[in-house]
Number of protein chains: 2
Amino acid sequence: MTNKIKKNDQIKADIVKKSRELFKRFGLNKTTMEDIAQTISKGKSTLYYYFTGKEEVFYAVAQKEISDTFGSIMEEVEKHNSAQERLRAFFLKRFDVLEEKLNTYPAMVREQKKNIEIFHKIHLEFSLLERNLIKEILFYGVKSGEFKHISKKDCDSLAIAASTILNGIDIYTFVEGNVPPIGDQLDILFSITMRGIK
Amino acid sequence: MTNKIKKNDQIKADIVKKSRELFKRFGLNKTTMEDIAQTISKGKSTLYYYFTGKEEVFYAVAQKEISDTFGSIMEEVEKHNSAQERLRAFFLKRFDVLEEKLNTYPAMVREQKKNIEIFHKIHLEFSLLERNLIKEILFYGVKSGEFKHISKKDCDSLAIAASTILNGIDIYTFVEGNVPPIGDQLDILFSITMRGIK
DNA sequence: AGTAGACCAAATGACAGTTTGAGTCGAATA
DNA sequence: TATTCGACTCAAACTGTCATTTGGTCTACT
């Protein structure tokens with residue numbers, strides 16, 4: 001039983017892994033189910049045994065991408081103890097990751113106009129995770145007495161504001177094809193915000 | 001002499017005015033030079049006596065739109081005396097205006113993907129004006145001693161950061177077709193920033 | 001349970017013919 | 001000389017058609 005489930009999951013994971021490579025290289029539209037089937041050395045219809053369709057394969061890949069990415073951000077955040085340093089680490093890593101994704105999926109960026117809805121849905125998922133993380137960090141800072149000038153209630157609003165701004169920056173990045181030149185200003189912006197909430 | 005120049009300018013202004021109406025209704029692509037010519041009751045080729053082409057007509061319209069819009073923002077800003085209140089007025093008005101434009105030019109929003117380059121160029125012009133205004137307000141606050149925690153040098157970086165963020169929000173707005181739900185958070189965000197720089 | 005090959009409908013791409021619309025030019029007007 | 005216009009050009013956009021591709025289904029084999 002568990003063996004079979006494991007094998008099933010393994011094949012699924014393999015499909016996801018191989019698909020991810022294809023998506024990186026050729027983007028969503030130009031990667032066909034046939035292509036995917038070939039790289040896993042199976043028939044095309046086999047794919048439909050494991051996934052309901054191309055979109056589900058893509059979602060699976062995206063899910064993995066989201067959890068990997070979010071994981072790497074979390075990892076970076078958890079290296080630090082104070083809320084301030086956590087927040088700082090978050091923003092720095094966040095911008096790094098954005099640039100990295102831009103370079104990893106050039107084909108996707110090019111066709112982003114074609115599949116806006118899908119990208120949206122994916123992005124929204126990430127956005128919610130992120131918003132929650134920001135809220136948690138702020139909350140942690142309030143509880144520990146580190147952030148004296150904001151209340152627990154504010155954390156929510158602030159997290160929404162921050163994630164919305166990041167959202168805008170993400171869209172900017174994918175439309176323009178490059179990360180906005182805000183990196184240099186990040187430090188001063190951050191120190192001002194810190195003085196505002198500490 | 002002056003008479004002729006005046007008449008010339010008057011006709012140009014008329015073309016711009018009528019074109020603006022057409023652009024509002026039908027967008028850039030679906031408004032033809034023939035359409036414009038008809039509304040000013042002249043032949044199509046007459047338009048080419050006053051403008052080098054459709055794009056120049058559009059730029060003229062956009063210029064007027066920029067100066068009107070920026071003017072209305074300035075007007076709002078100058079109602080207040082302190083740098084803090086000016087900055088606040090700027091952001092509030094800025095979001096108002098964004099939503100207003102979104103509703104005034106629905107056809108443009110729909111075709112925005114088709115003419116990204118042009119919209120870009122226009123937006124960039126506005127962006128520079130805006131960035132300068134922000135810088136001026138900050139500068140004014142530093143000089144008057146109102147903003148104690150930032151230096152003159154910082155004003156530039158901060159203005160860049162702010163206008164980049166607004167930029168992201170603009171693109172978000174036009175891609176999504178609605179102003180991001182950040183309005184409610186604007187107050188708290190603003191008060192934090194204020195505490196950070198005052 | 002897992003795989004494959006034949007099959008279908010819908011999307012995609014290529015192509016030819018047609019229309020539209022931006023921009024030019026020389027002549028007419030005043 | 002300053003404006004205006006009708007007639008023209010030509011490239012891009014649109015239309016309709018046909019062949020190909022491709023996502024997805026079905027049946028049967030092991």
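If you're wondering where the values come from, they're calculated on a predicted model, not measured in any experiment. What's counted below: heavy atoms across the whole structure, side chains too, no hydrogens, waters or symmetry copies. In what follows, chains are A, B, ... by sequence order, proteins preceding strands, each numbered from 1.
- The CG atom of L92(A) sits 5.5 Å away from the CG atom of L186(A) when rounded to the nearest 0.5 Å.
- When the side-chain nitrogen and oxygen atoms of T46(A) are compared with OP1 and OP2 of dA4(C), one or more of them lie within a distance under 4.0 Å.
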Between I171(A) and E176(B), is the side-chain contact (heavy atoms from CB on, under 4.5 Å) condition met? List the steps.
CA-CA 10 Å; I171(A) 295 183; E176(B) 300 284 317; 3.8 Å; yes

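- Checking dG24(D), dG2(C), dT4(D) against every side-chain atom of Y48(A), the shortest atom distance belongs to dG24(D).
- In this structure, D96(A) contributes its side chain and K93(A) its backbone to no donor-acceptor pair below 3.5 Å.
- The distance between atom CD of E56(B) and atom P of dG23(C), rounded to the nearest whole Å, is 10 Å.
- Rounding to whole angstrom units, CD of residue E55(B) and P of dG21(C) are separated by 18 Å.
- Atom pair L28(B):CG and dA13(D):P shows a separation of 13 Å (rounding to whole Å applied).
- The residue among K44(A) and S45(B) whose nearest nucleotide of DNA chain D is located toward the 5' end is S45(B).
- A salt bridge does not link R88(A) to E85(A): none of the charged side-chain nitrogens sits closer than 4.0 Å to a carboxylate oxygen.
- Per the geometry, CD belonging to Q38(B) stands 14 Å off C1' belonging to dC5(D), to the nearest Å.
- Spacing between atom CG of D35(B) and atom C1' of dT20(C) amounts to 12 Å, rounded to whole angstrom units.
- In the set dT3(D), dA22(C), dT3(C), the nucleotide with an atom closest to the side chain of K54(B) is dA22(C).
- The residue T32(B) sits close only to the backbone: its heavy atoms come under 4.0 Å of sugar-phosphate atoms, none of a base.
- The nearest heavy atom of DNA chain C to M33(B) and to Y49(A) marks one nucleotide each, and the one closer to the 5' end goes with Y49(A).
- At a threshold of 4.0 angstrom between heavy atoms, the contacts of F51(A) with the nucleic acid are absent.
- Between the CD1 atom of I36(B) and the P atom of dC5(D) there is a distance of 15 Å, given to the nearest Å.
- Remark on DNA chain C: of its neighbouring residues G43(A) and K30(A), the 5'-side contact belongs to G43(A), judged by nearest-heavy-atom nucleotide.
- Looking at E111(B) and K30(B), no side-chain N of the basic residue comes within less than 4.0 Å of a carboxylate O on the acidic one, giving no salt bridge.
- The CG atom of N8(B) sits 17 Å away from the P atom of dT1(D) (whole-angstrom rounding).
- dC5(D) atom P lies 10 Å from atom CD1 of I11(B), rounded to whole Å.
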